[in-house]
There are 2 protein chains.
Amino acid sequence: MLSYTEENYLKAIYHLSGSGAKAVLTSEIAETMNTRAASVTDMIKKLSAKNMISYEKYYGVKITRQGKAEALMVVRKHRLWETFLVQKLHFSWDEVHDVAEQLEHIQSALLIEKLDEFLEFPTVDPHGHPIPDKTGKFVEVRQIPLSDCSGKKKITIRAVRNGSPSFLQYLSKNGVYIGAIITILEKIEFDGSLEIMIDGKKKVFISREASQNLLVTE
Amino acid sequence: MLSYTEENYLKAIYHLSGSGAKAVLTSEIAETMNTRAASVTDMIKKLSAKNMISYEKYYGVKITRQGKAEALMVVRKHRLWETFLVQKLHFSWDEVHDVAEQLEHIQSALLIEKLDEFLEFPTVDPHGHPIPDKTGKFVEVRQIPLSDCSGKKKITIRAVRNGSPSFLQYLSKNGVYIGAIITILEKIEFDGSLEIMIDGKKKVFISREASQNLLVTE
DNA sequence: ATAAAAGTTTAGGGTTATCTAAAAAATTAT
DNA sequence: ATAATTTTTTAGATAACCCTAAACTTTTAT
Ligand SMILES: [Mn+2]
Ligand SMILES: [Mn+2]
Ligand SMILES: [Mn+2]
Ligand SMILES: [Mn+2]
């Protein structure tokens with residue numbers, strides 16, 4: 001069984017590796033975990049001893065099949081709890097992350113299955129991120145940044161890339177939400193900002209940065 | 001702020017002291033916390049330094065006003081979570097304790113207030129124990145063990161004293177639940193067991209041990 | 001190709017929470 | 001009242017996690 005801290009490291013490695021695809025460097029882990037490289041090296045050895053990652057000195061780590069499965073369960077719990085907080089307790093989407101960081105470590109298989117059922121088996125969390133099922137599978141929809149779109153097609157907002165509270169609040173304030181259907185009215189050459197129409201009734205301006213952090217499907 | 005472990009010790013001291021009334025001995029704490037006396041002494045010093053308890057060497061500890069307030073918040077969280085697990089996730093009352101032991105340490109004032117609201121401000125948990133409100137107050141109903149009752153009066157089951165899963169399962173199996181209205185049909189002289197009528201329609205035998213662990217109002 | 005810079009690991013500590021064994025104090029028994 | 005017993009505290013270790021500083025390896029620049 002993994003400790004609270006081991007779970008956090010493993011989840012970070014999973015995300016940094018792009019769902020397990022590529023190797024991750026010590027410095028990248030230190031950066032996201034807000035710790036020193038020396039601490040990361042210590043933890044890498046522990047996770048390696050538990051076969052959660054494979055480690056080659058000076059060349060970073062790769063997550064193992066087993067490690068990926070464990071990481072996916074932490075991600076599942078995080079996203080189910082975020083969904084609970086928003087849908088049942090009426091948190092706003094910018095308030096849930098820190099609480100979910102704690103709740104994701106509660107150890108009880110029964111709890112998470114019952115929570116999943118209570119929420120009626122949601123497939124995405126409040127930020128549009130997929131929720132792995134109990135076997136670790138989730139639907140992958142090909143999403144592109146809004147900044148890569150053009151033309152007058154209907155576009156659906158699917159997820160945020162950066163989930164910082166300030167970005168989420170900015171989106172709420174401008175009426176942008178997961179599931180909204182928009183069209184691009186104009187792309188400003190000068191700064192890359194977009195004028196968009198939301199649900200056919202609300203015109204707003206979205207900065208380039210914002211459009212790069214919104215994932216959509218056309 | 002208190003650590004996870006400090007919260008557990010403080011809650012144990014609160015319960016052992018009879019809600020803060022009497023002093024608690026090192027050995028009692030060691031017993032309930034499943035640790036050694038030496039570890040308790042260490043923790044006592046920490047909690048004392050944080051003004052949660054007052055400590056006189058060799059004479060045990062007393063919980064302070066501040067310590068009682070902190071302990072009450074942990075108790076509040078524990079009982080709200082147990083209520084959530086039973087009422088919303090359909091756990092049975094014998095399954096909730098260990099999960100609530102973890103959930104009670106989640107740090108988020110917003111979470112607990114929203115949870116309280118979601119549950120519509122319950123006053124007792126699934127075991128009949130009172131839930132302190134956000135200021136730490138709770139209703140104290142004078143309850144007596146069923147074993148102290150006699151006669152044909154209507155008696156209401158209010159709480160369990162011992163919340164062990166096996167006892168709770170025994171009660172469920174025999175149709176005994178919090179809120180049930182019973183009458184004593186017969187008290188067996190020989191072993192102190194009781195024959196009771198539940199809700200005017202079900203006759204069951206309850207051992208002396210069980211009757212001592214059921215708290216009721218007449 | 002060599003030197004400088006950047007990144008990683010090792011060495012040596014600090015903190016929290018736990019333990020065992022020994023010392024000290026309080027309680028109980030004679 | 002003294003001795004035996006029990007309880008509590010202190011002393012000294014260990015494990016998990018994190019740190020700084022120094023050593024080592026890899027990468028980049030000249
Ligand atoms: Mn999150
Ligand atoms: Mn999320
Ligand atoms: Mn409980
Ligand atoms: Mn309870």
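Please read all numbers here as calculations on a predicted model, not as lab measurements. Residue numbers begin at 1 in each chain, while the letters A, B, ... track the order of the sequences.
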Handout entry: Separation of atom CD in A:Glu6 from atom C1' in D:dC18, rounded to whole Å
Key = 14 Å
Completion exercise
A:Tyr9 atom OH is separated from D:dA16 atom P, nearest whole Å, by 14 Å
Exercise for the section: May I ask you to evaluate whether B:Thr26 reaches the phosphate of D:dT9, defined as a side-chain N or O under 4.0 Å from OP1 or OP2? Expected result: yes
Exercise for the section: For C:dT9, take OP1 and OP2 only and decide whether either is under 4.0 Å from a side-chain N or O of A:Tyr55. Expected result: yes
Handout entry: Phosphate OP1/OP2 of C:dT10 contacted by A:Thr41 side-chain N/O (<4.0 Å)
Key = no
Handout entry: Separation of atom CE in A:Met33 from atom P in D:dC19, rounded to whole Å
Key = 10 Å
Exercise for the section: Scan A:Tyr4 against the nucleic acid and name what it touches under 4.0 Å (heavy atoms): base, sugar-phosphate only, or nothing. Expected result: nothing
Practice task
Under 4.0 Å between any heavy atoms, over every strand shown, what does B:Ser39 touch: base, sugar-phosphate, or nothing? Just pick one.
Solution key: base
Handout entry: Earlier contact from the 5' end, DNA chain D, for B:Ala38 and A:Arg36
Key = B:Ala38
Fill in the blank from the handout: Quick note, A:Asp42 side chain, CB onward, closest among D:dC19, D:dT8, D:dT10 is D:dC19
Problem - Single hit among B:Val24, B:Leu25, B:Ile63 for side-chain contact (heavy atoms from CB on, under 4.5 Å) with B:Leu16 - result: B:Val24
Handout entry: Modelled atom types, side-chain donor and acceptor of B:Gln87 and B:Glu120, under 3.5 Å
Key = no
Practice task
Consider only side-chain N and O atoms of B:Asn8 and B:His105, and report whether a donor and an acceptor are under 3.5 Å apart.
Solution key: yes
Exercise for the section: Give the nucleotide from the list D:dC18, C:dT18, C:dT8 with an atom nearest to the side chain of A:Ser27. Expected result: C:dT8
Problem - Separation of B:Asp116 CG from A:Leu89 CG (nearest 0.5 Å) - result: 11.0 Å
Practice task
Measure the CE-CD distance between A:Met52 and A:Gln66 for me, rounded to the nearest 0.5 Å.
Solution key: 4.0 Å
Exercise for the section: Can you figure out which of C:dT8, D:dC18, C:dC19 approaches the side chain of A:Met43 most closely? Expected result: D:dC18
Exercise for the section: At under 4.0 Å between heavy atoms, which parts of nucleotides 22-28 of chain D does protein reach? Answer with one letter per nucleotide, 5' to 3': B base, S sugar-phosphate only, - none. Expected result: --BSS--
Completion exercise
In whole angstroms, the gap separating C1' of D:dT6 from CD of B:Glu31 amounts to 15 Å
Practice task
State plainly whether the residues B:Glu113 and B:Arg76 are in salt-bridge range, i.e. N to O under 4.0 Å.
Solution key: yes
Problem - B:Tyr4 ring center within less than 6.0 Å of A:Tyr4 ring center - result: no
Completion exercise
A:Asn34 atom CG is separated from D:dC18 atom P, nearest whole Å, by 11 Å
Problem - Euclidean distance, atom CG of residue B:Leu47 to atom P of C:dT16 [Å, nearest integer] - result: 13 Å
Handout entry: Rounded distance in Å - CD (B:Glu28) to C1' (D:dT7)
Key = 12 Å
Practice task
Calculate the interatomic distance between B:Ile44 atom CD1 and C:dT18 atom P; express it in whole Å.
Solution key: 13 Å
